[in-house]
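Here is the structure we will look at.
As the structure lists them, so they are numbered: ligands from 1, and atoms in each ligand from 1.
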Amino acid sequence: MTIDRSREKMKKKCTVYLTSPVFREMAENELVSISKKERITELFKLLEESSNLIESDVRFPSGDTMKEIAENNRVDIIGCHLSHTISGDITNLPHLKAVCTATAGYNHIERTSGLIVTHTPSVLHDAVSDFILSLILSTLKNIPALNSFVFQGKWREDQKWDIDAFLGRSLSTLAVGIIGMGEIGQTLAHKLAPWNMKILYNSRIRKNDLEKKLPCLCYCKEQGEIFRNADIISLNVPLTDKTLHLAGKDQLLMMKRGALLINTARGEVVDMDALLQLLESGDIEINLAFDVFDPEPLPVSMLDRFKNIVEKKPDLKFIFMPHTASADADTRAEMVIMMLSDILTIAEAVNVSNCNIGYLNDKINLIPC
Ligand SMILES: NC(=O)C1=CN([C@@H]2O[C@H](COP(=O)(O)OP(=O)(O)OC[C@H]3O[C@@H](n4cnc5c(N)ncnc54)[C@H](O)[C@@H]3O)[C@@H](O)[C@H]2O)C=CC1
Ligand SMILES: O=CC(=O)O
């Protein structure tokens, strides 16, 4: 009885703020599998039992609103995703102990010493690497443009099957470059290996074990080697001060004519102004497959400039997606589950011991140091 009463008292210690109503709504989403819906419902129940739970009723609260709610309610833990920028104004609040994001990337959270930050590794590398493969195939085989061509009724009698009609490129002759050999980069390399493509890569740390498993891998000490030699370059680094504009003017100028640049990392990894200027001036002629942009969503003024470029050079292929690389229903549900599980673990620790990070270390998905 005594133990039960003390547990009752502990329940109300921790305050959790979820910045979107969609986390809970995922349990009702008909595309999500039943087991994952049930797990989300169960986690919400547990969270309600162990914390004062505040949930935003709007999808995208402003920074000021999030700060006001976090401050006025002495919030301990925030659960968010990448459209909720958690600035220093919020992360410096003295009572805030943790920010948990339902995303792999965490550049939307300003770091503060002592603040726990968790994210969702190891649940979306499959979805994102599949997506990158589909971008490679779609571009090399010109699928979006040829699909529009047929649907617009342009496939006429004089354009029957012919030997030189609608030519794309075959994969096995090409060299792929992967910059950032982490979870997504490695999964992509494993999936590309059976296609007999040469894979050049660069990462902060050389992956000797991976090289033994995949003899087609070739480590490049300098990223310039990749920009100069690869036919397809996939950017898979996190956004940091070292990767900001990693694909800048100098690197873009190194790229082969007709090469493909894929960005599913973060828009800011590519210098978009330099890219547009070089494409407009004709100094580079490269294809693009982008899922992320700087800024995001891509402004109409920038989109118009890209449209003008392809109008003048119809051989160039630009495939632009609205940041959907991980957008499989079950993958997104798993991201929510991982975030809620981390919040619950931290909430229980806050209730017991006001949050001891040493004790939590291997129980939650902390971002890399
Ligand atoms: N478009 C989308 O929907 C998604 C985008 N992402 C983005 O992709 C990024 C990568 O994701 P993961 O592979 O899961 O991350 P990860 O942390 O497993 O891998 C990143 C790799 O990049 C390397 N790296 C870091 N700085 C570098 C530098 N300056 N030069 C070379 N290599 C460097 C790291 O050592 C690591 O091997 C995320 O940080 C996120 O921004 C992730 C998931 C979905
Ligand atoms: O961009 C998405 C993420 O999970 O990071």
Side-chain angles (χ1 to χ4, degrees), residues 20 23 79-86 99-109 111 117-135 177-191 200-211 217 219-227 230 233-248 251 262-270 289-294 296-298 319-329 331-339 342 365-369:
S20 169
F23 297 129
C80 64
H81 64 59
L82 64 84
S83 297
H84 311 127
T85 301
I86 311 295
V99 178
C100 304
T101 179
T103 50
Y106 41 84
N107 54 290
H108 54 292
I109 303 166
R111 310 280 291 278
V117 180
T118 72
H119 68 141
T120 60
S122 313
V123 290
L124 40 67
H125 51 288
D126 242 332
V128 177
S129 54
D130 285 353
F131 188 86
I132 297 170
L133 291 181
S134 67
L135 292 176
I178 298 178
I179 301 184
M181 196 52 104
E183 290 198 337
I184 296 169
Q186 291 191 36
T187 315
L188 178 64
H190 276 286
K191 290 179 181 175
L200 312 173
Y201 85 96
N202 170 271
S203 205
R204 240 174 1 147
I205 301 165
R206 186 170 179 171
K207 310 284 175 192
N208 293 312
D209 288 349
L210 188 71
E211 285 178 36
L217 276 191
Y219 175 69
C220 300
K221 198 160 181 270
E222 303 296 331
Q223 290 172 1
E225 275 183 75
I226 296 182
F227 280 101
I233 298 174
S234 178
L235 302 172
N236 296 111
V237 288
L239 175 62
T240 64
D241 52 359
K242 295 211 171 58
T243 62
L244 176 76
H245 293 181
L246 178 155
Q251 292 74 18
I262 303 173
N263 189 8
T264 59
R266 285 290 182 267
E268 294 86 340
V269 174
V270 175
F290 282 9
D291 185 46
V292 290
F293 299 87
D294 175 27
E296 209 168 278
L298 179 65
I319 298 184
F320 290 171
M321 300 296 290
H323 204 146
T324 50
S326 69
D328 299 343
T331 300
R332 288 283 171 84
E334 200 54 55
M335 290 156 74
V336 172
I337 289 170
M338 197 173 237
M339 178 196 73
D342 281 346
N365 296 286
L366 291 171
I367 59 169
C369 302

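Of the N or O atoms in Glu183, one or more lie within a sub-3.5 Å distance of an N or O in ligand 1. Between Thr240 and ligand 1, no pair of N/O atoms sits closer than 3.5 Å. Inclusion of Thr324 in the set of residues having an N or O under 3.5 Å from an N or O of ligand 1 is not warranted.
Within the structure, ligand 2 lacks His81 among the residues with a heavy atom less than 4.0 angstrom away. Using a 4.0 Å cutoff on heavy atoms, Pro368 does not count as a contact of ligand 1. The closest approach between Ser326 and ligand 1 falls below 4.0 Å for a heavy atom of the residue. Using a non-hydrogen distance threshold of 4.0 Å, Ile205 does not register as a contact of ligand 1. Not a single heavy atom of His119 lies less than 4.0 angstrom from ligand 2.
Close contacts between ligand 1 and Ala325 involve ligand atoms 1 (N), 2 (C), 3 (O) [criterion: under 4.0 Å to a heavy atom]. The atoms of ligand 1 that sit less than 4.0 Å from any heavy atom of His323 are 1 (N), 2 (C), 3 (O). Heavy-atom contacts of Thr243 reach the following atoms of ligand 1: 26 (N), 27 (C), 28 (C), 29 (N) (cutoff under 4.0 Å). Residue Met181 approaches ligand 1 through these ligand atoms, each under 4.0 Å from one of its heavy atoms: 37 (O). Per-residue contacts place Ile184 under 4.0 angstrom from the following atoms of ligand 1 (heavy atoms of the residue considered): 8 (O), 11 (O), 12 (P), 13 (O), 14 (O), 42 (C), 43 (C). Distances below 4.0 Å separate heavy atoms of Gly105 from the following atoms of ligand 2: 3 (C), 4 (O), 5 (O). When each atom of ligand 2 is checked for a heavy atom of Thr103 under 4.0 Å away, the hits are 3 (C), 4 (O), 5 (O). Which parts of ligand 2 touch Arg266 is read off a 4.0 Å heavy-atom cut-off, strictly below it: atoms 1 (O), 2 (C), 3 (C), 5 (O). Which parts of ligand 1 touch Gln223 is read off a 4.0 Å heavy-atom cut-off, strictly below it: atoms 30 (N), 31 (C). Against a heavy-atom cut-off of under 4.0 Å, Thr264 is close to the following atoms of ligand 1: 1 (N), 2 (C), 4 (C), 5 (C), 6 (N), 7 (C). Which parts of ligand 2 touch Leu124 is read off a 4.0 Å heavy-atom cut-off, strictly below it: atoms 4 (O). With ligand atoms numbered from 1 in the order given, ligand 1 contributes 23 (C), 31 (C), 32 (N), 35 (O), 37 (O) to contacts under 4.0 Å with heavy atoms of Ser203.
Here the protein heavy atom with the shortest distance to atom 21 (C) of ligand 1 is Gly182 N, 3.6 Å. Of the protein's non-hydrogen atoms, the one nearest atom 10 (C) of ligand 1 is Asn236 O, 3.5 Å. Among protein heavy atoms, the minimum distance from atom 7 (C) of ligand 1 is reached at Ala265 O, 3.5 Å. With hydrogens left out, the protein atom closest to atom 44 (C) of ligand 1 is Val128 CG2, 3.6 Å, a heavy atom. The nearest protein atom to atom 1 (O) of ligand 2, hydrogens excluded, is given as His323 NE2, 2.7 Å; this is a heavy-atom distance. Nearest protein neighbour of atom 3 (C) of ligand 2, counting heavy atoms only, is Ala104 N, 3.5 Å. The closest protein non-hydrogen atom to atom 25 (C) of ligand 1 is Pro238 CD, 3.5 Å.
Of the possible polar contacts, none joining the Thr187 side chain to the Asp126 backbone as a donor-acceptor pair under 3.5 Å is found.
Interatomic distance, NE2 of His84 versus NE2 of His108, reported as 8.5 Å (0.5 Å rounding). Of the inter-residue distances, the one linking Ser129 atom OG with Gln186 atom CD reads 11.0 Å to the nearest 0.5 angstrom.
Side-chain contact annotation: Glu211 with Tyr201, donor-acceptor N/O pair under 3.5 Å present. Counted by atom type alone, His245 and Glu268 present zero donor-acceptor pairs between their side chains at under 3.5 Å. Defined by atom type and a distance below 3.5 Å, a donor-acceptor pair is missing between the side-chain atoms of Thr103 and His119.
The closest side-chain heavy-atom distance from Arg206 to Asn208 is below 4.5 Å. With a 4.5 Å cut-off on side-chain heavy atoms, Leu82 and His323 count as touching. Side-chain contact between Val237 and Lys242 is absent, with no heavy atoms from C-beta onward closer than 4.5 Å. Contact check for Ile262 versus Leu235: no side-chain heavy atoms found under the 4.5 Å cut-off. Looking at heavy atoms from C-beta onward, Pro121 lies in side-chain contact with Met338 at the 4.5 angstrom threshold. Using a 4.5 Å cut-off on side-chain heavy atoms (C-beta onward), Ser234 and Leu188 make contact. In this structure, the side chains of Ile132 and Asn236 come closer than 4.5 Å at one or more pairs of heavy atoms. Between Lys207 and Tyr219, the closest side-chain pair of non-hydrogen atoms is not below 4.5 Å.
For atom 15 (O) of ligand 1, the nearest protein heavy atom lies 4.0 Å away or farther.
Not counting sequence neighbours, the partners of Asp130 by the salt bridge (Lys or Arg N to Asp or Glu O under 4.0 Å) test are Lys191.
By the criterion of a heavy-atom distance under 4.0 Å, the side chain of Leu82, and not its backbone, is placed next to ligand 2. Contact annotation for Val237 and ligand 1: heavy atoms of both the backbone and the side chain come within less than 4.0 Å of the ligand. Residue-level proximity to ligand 1 for Leu124 is carried by the side chain, the only part with a heavy atom below 4.0 angstrom. Contacts of Arg266 with ligand 1, taken as heavy-atom pairs under 4.0 Å, involve the side chain alone.
Residue Cys100 is tested with Val117, Thr118, Thr120, Ile109 for a side-chain contact (heavy atoms from CB on, under 4.5 Å); the sole match is Thr118.
Nearest heavy-atom pair, Gly177 versus Ile226, reported as atom, atom and distance to 0.1 Å: CA-CG2, 3.7 Å.
The residue among Gln186, Glu268, Met335, Arg204 with a heavy atom at the shortest distance from atom 32 (N) of ligand 1 is Arg204.
Ring geometry, Phe320 versus Phe290: the interplanar angle falls under 30°, so the pair is classed parallel (tilted spans 30 to 60°).
Look at Glu296 and Arg266 and you find no salt bridge, because none of the NZ, NE, NH1 or NH2 atoms lies under 4.0 Å from a carboxylate O.
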